[in-house]
There are 2 protein chains.
Amino acid sequence: MTISIEKMADQFKLLGDKTRLKIVSILNQQDMCVCQLVELLQTTQPNISQHLRKLKDAGLVREDRRGQWIFYSLQVADHPHLQDVLQYLPKLEEEVQQKINSMLCE
Amino acid sequence: MTISIEKMADQFKLLGDKTRLKIVSILNQQDMCVCQLVELLQTTQPNISQHLRKLKDAGLVREDRRGQWIFYSLQVADHPHLQDVLQYLPKLEEEVQQKINSMLCE
DNA sequence: TGATTATATAAGCAGTTGATTATATAATGA
DNA sequence: TCATTATATAATCAACTGCTTATATAATCA
């Protein structure tokens, strides 16, 4: 269960991008599919997909196809140093959070 | 005391470099001057100085001149999300840690 | 089957980053 | 004062990053 300092740096590097940190923050609330993240973060689909791939390669998210959609969920159980960080994530912009809330209700 | 998600990402980006994360790990044990960090991390003096400047600009370290030397210390009291991370820092390579220990004894 | 929707992948590019080399500044001590 | 030691800054460069546009794959549904 030991991790090298180099690998730990690589994981922080993943969180060191505003788009990815927002994705993490959103997935910390609720599983989402790519198209939902695209809408929430107002960027292009390939952009989101590429960020998700990096997170997946590092084992921080998990994908789960449900028909046409692929849902992503946070997978930090075995990354205690990241898990601990989640509680400090700032709130997203009101507008984005409202969209998320409306998704939660559906 | 609120921090934006963008700023938080910037702070993670700082930890997302192996040299800087090692510096943080070392300073978490003991204040060090530049030349000591150069010896511990086996790199050039300008390299260490430039990393320290980034950490200083972000308010993560503090400098304190003592004569010819400038000592750096970790300043994370007002960065709870970073403070929390420190306990998860992996051990440095045995060889480096031994050098640090010998510095602690002096 | 063909059209639509969702997602991934590839290529290209501007901007950034980490490191090196060279040089400048500053403190110390002879 | 001059030489030495410690540190900072500047210039440079190759490598990397995040984003975009274009294209490919895959599932759904009429």
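Residue numbers start from 1 in every chain, and the chains themselves are labelled A, B, ... in the order their sequence lines are given, proteins ahead of strands. Just so you know, these numbers use all the heavy atoms, side chains as well, and skip hydrogens, waters and symmetry mates. Note that this is a predicted model, so its numbers are computed, not measured.
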Checklist outcome for this item: Exactly one of B:I48, B:V38, B:L37 clears side chain to side chain contact (heavy atoms under 4.5 Å, CB included) with B:T43, and that residue is B:I48
Checklist entry - B:I3 and B:V85: same hydrophobic cluster, using ILVMFWY side-chain contacts below 4.5 Å? => result yes
Checklist entry - For residues 56-75 of chain B, which residues have at least one heavy atom under 4.0 Å from DNA chain D? => result B:E63, B:Q68, B:W69, B:I70, B:Y72
Checklist entry - Do the ring planes of A:F12 and A:H81 sit parallel (below 30°), tilted (30 to 60°) or perpendicular (above 60°)? => result perpendicular
Checklist entry - Are A:L41 and B:M8 joined in one hydrophobic group, where the rule is that I, L, V, M, F, W and Y side chains link up if heavy atoms are under 4.5 Å apart? => result yes
Item to check | Helical bend (five base pairs per end, nearest 10°) for the helix from C:dT1-D:dA30 to C:dA30-D:dT1 | outcome: 10°
Check: residues 50-63 of chain A side-chain donor-acceptor pairs under 3.5 Å, at least two apart:
{"residue": "A:H51", "atom": "ND1", "partner": "A:R20", "partner atom": "NH1", "Å": "3.1"}
{"residue": "A:H51", "atom": "NE2", "partner": "A:N47", "partner atom": "OD1", "Å": "3.4"}
{"residue": "A:K56", "atom": "NZ", "partner": "A:E63", "partner atom": "OE1", "Å": "3.4"}
{"residue": "A:E63", "atom": "OE1", "partner": "A:Y72", "partner atom": "OH", "Å": "3.0"}

Next on the checklist: To the closest 0.5 Å, what do you measure between CG (A:L40) and NZ (A:K22)?
Outcome noted: 11.0 Å
Next on the checklist: I'd like to compare against my own output: the B/S/- annotation of nucleotides 10-23 of chain C with a strict under-4.0 Å heavy-atom distance to protein.
Outcome noted: B-------SBBBB-
Checklist outcome for this item: salt bridge (Lys or Arg N to Asp or Glu O under 4.0 Å) pairs touching residues 25-35 of chain A, sequence neighbours excluded, are A:D31-A:R66
Next on the checklist: Starting from A:L74, can I reach A:L92 by hopping between I/L/V/M/F/W/Y residues whose side chains sit under 4.5 Å apart?
Outcome noted: yes
Next on the checklist: Between B:E39 and B:Q36 (side chain of the first, backbone of the second, donor and acceptor by atom type, cut-off under 3.5 Å), is there such a pair?
Outcome noted: no
Checklist outcome for this item: A:Q68 meets the side-chain contact (heavy atoms from CB on, under 4.5 Å) criterion, sequence neighbours left out, with none
